[in-house]
Structure formats: C-alpha cells, structure tokens
Visitor: 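The structure is given below, and queries will be raised subsequently.
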Amino acid sequence: MVFIAGGVGINPLISMLSVIAEQKKTGGVEGGNLGFDVIFLYSVRSSSDSEGRNEEILFLSRLRDIFKLLDKEGELKLFVTGKRGGEVQGSEGVKLERRRIDERDLEDALGDLGDRDGTVVYVCGVPGMTDRFVESAVKAEGMDGKRVLSEKWW
C-alpha cells in the first residue's frame, strides 16, 4: 500500500493509516503481521521562525508512532520544502529529504514489478501534485489503474 500526501492532504490518509496501525496492534492478519507493506511519502512545506526552529509538521509525532508499530512492514519518508534552517521538530528516526517528491520516489515505493498486481495507491493533496502522481501511478508498468485512488484539496 502506497500513500502520497502533500501538505494538508494528509488529513484523510492519516485516518486510513490509523486503522491499519490498529489492525496491526490487535494482532494483524498473519501471525501478528499485516501481510503487506505500507509506504508513506509525505511532502510538506516548513518555515523557520526567528530563532531558526522549523514549525512542527502536521501529524508527525503520530506518524512516527504508527511507523514504529508497523516496524518492518512500514516506511515513512518525509519530503520537506521551504526555508532551510534548523531541524524539523519531531523528525528523529524519520527518513527526511529536503526536496519535493518525484516520480522516482513513486517508482521506488511501488516496489518490484512482479509485486505490483495487488498494490494500492492513495494520493491526496493539491490538484497539480495529485494529478501528476495519479497519472504516473496509473501508467507505471504492472499497475492496475483501478487501484490508484485520489482526493484533491481545493
């Protein structure tokens, strides 16, 4: 399962991710495991205050807790744009890139070609980002377009 969130587009995706985490917490599907991997690509703009501290990123603490629970079945990648400067508050233990998500990141998240037949992709964010990643996911070799879902913000 691949989630791609841009900014406040995380709102509907955090709910889905929370249900998945609860399923894992209560015993999973296969001997305590979910039986599938969850890859979460989250792009957000961060700005520094006058002391060089970056504002906290929406749901970051909750995401860290969820991916700690998911352990080897989950991977969170945070993509931060905006002013460079201090550390991103609460980002310890999170893979952090200071750039936008691109098509290579999506391709990596989709995994091996032979494993894509059951892959589901959820994209939520601003229309331009959402359209770009939906189109890329639908066109990716081995992907079923019916398993690529999206929601646009404004």
Visitor: Run the numbers on V123 and M129 for side-chain contact (heavy atoms from CB on, under 4.5 Å), then give the verdict.
Guide: CA-CA 9 Å; V123 185; M129 183 211 82; 3.9 Å; yes
Visitor: Within a strict 4.5 Å, meaning less than it, do heavy atoms of the D37 and E75 side chains meet?
Guide: no
Visitor: Answer whether the closest heavy-atom distance between the side chains of I66 and I14 falls below 4.5 Å.
Guide: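 Touching, per the 4.5 Å side-chain cut-off.
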Visitor: Once rounded to the nearest 0.5 Å, what's the spacing between atom CG of L58 and atom OH of Y42?
Guide: 4.5 Å
Visitor: How about I57 and V80: do any of their side-chain heavy atoms sit closer than 4.5 Å?
Guide: yes
Visitor: Considering only heavy atoms from C-beta outward, does the side chain of F3 approach that of I20 to under 4.5 Å?
Guide: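 A side-chain contact exists here, since the closest heavy-atom pair is under 4.5 Å.
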Visitor: Side chains of K24 and N33: does their closest heavy-atom pair fall under 4.5 Å?
Guide: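 The answer is yes, as the side chains (C-beta and beyond) meet within the 4.5 Å cut-off.
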Visitor: Write down the atom of L41, the atom of A109, and the distance for their closest heavy-atom approach.
Guide: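 Of all heavy-atom pairs spanning L41 and A109, the closest is CD1-CB, 4.2 Å.
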Visitor: Might you point out which heavy atoms bring V134 and S150 nearest each other, and give the distance in Å?
Guide: CG2-CB, 3.5 Å
Visitor: Is it possible for you to say whether L113 and V148 belong to one hydrophobic cluster, with membership spreading through side-chain heavy-atom contacts below 4.5 Å?
Guide: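 In one cluster: no.
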Visitor: Could you go through V2 and L110, starting from their C-alpha distance and side-chain angles, then the distance that decides it, and tell me whether this counts as side-chain contact (heavy atoms from CB on, under 4.5 Å)?
Guide: CA-CA 7 Å; V2 176; L110 292 176; 4.3 Å; yes
Visitor: When rounded to the nearest 0.5 angstrom, what is the spacing between CD in E73 and CZ in F67?
Guide: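 Result: 11.5 Å between the selected atoms.
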Visitor: Does the side chain of R100 reach to within under 4.5 Å of the side chain of F79, using non-hydrogen atoms?
Guide: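 Not in contact.
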Visitor: Could you please spell out the steps behind the side-chain contact (heavy atoms from CB on, under 4.5 Å) verdict for L17 and L63?
Guide: CA-CA 9 Å; L17 189 60; L63 286 165; 3.5 Å; yes
Visitor: Can you give me the closest heavy-atom contact between L70 and A21, atom names plus distance?
Guide: CD2-CA, 4.4 Å
Visitor: Heavy atoms, side chains only, cut-off 4.5 Å: are F40 and I10 in contact?
Guide: yes
Visitor: I'd like to know if R99 pairs up with D105 as an ion pair, taking the criterion as any Lys NZ or Arg NE/NH1/NH2 lying under 4.0 Å from an Asp or Glu carboxylate oxygen.
Guide: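 D105 and R99: salt-bridged.
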Visitor: According to a hydrophobic-cluster definition based on side-chain heavy atoms being under 4.5 Å apart (Ile, Leu, Val, Met, Phe, Trp, Tyr only), do M16 and L76 belong together?
Guide: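 M16 clusters together with L76.
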Visitor: Using a strict threshold of under 4.0 Å (side-chain N to carboxylate O), is an ion pair present between R132 and E103?
Guide: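 A salt bridge links E103 with R132.
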Visitor: For residues A137 and L106, report the shortest heavy-atom separation together with the two atoms involved.
Guide: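 Looking at all heavy atoms of both residues, the closest pair is N-CD2, 3.6 Å.
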Visitor: State, yes or no, whether a side-chain contact exists between L34 and M1 at a heavy-atom distance under 4.5 Å.
Guide: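 Of all side-chain heavy-atom pairs linking M1 with L34, none is under 4.5 Å.
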Visitor: Provide the closest heavy-atom pair for R116 versus E141 in the form atom of the first, atom of the second, distance.
Guide: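 Scanning both residues, the minimum pair turns out to be NH1-O, 2.8 Å.
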Visitor: For T119 and M143, work out which heavy atoms get closest and say how close.
Guide: O-CE, 3.7 Å
Visitor: Could R104 and D102 be called an ion pair, given the rule that one side-chain N must be under 4.0 Å from one carboxylate O?
Guide: yes
Visitor: Atom NZ of K25 and atom OG of S18: how far apart are they, to the nearest 0.5 Å?
Guide: 10.5 Å
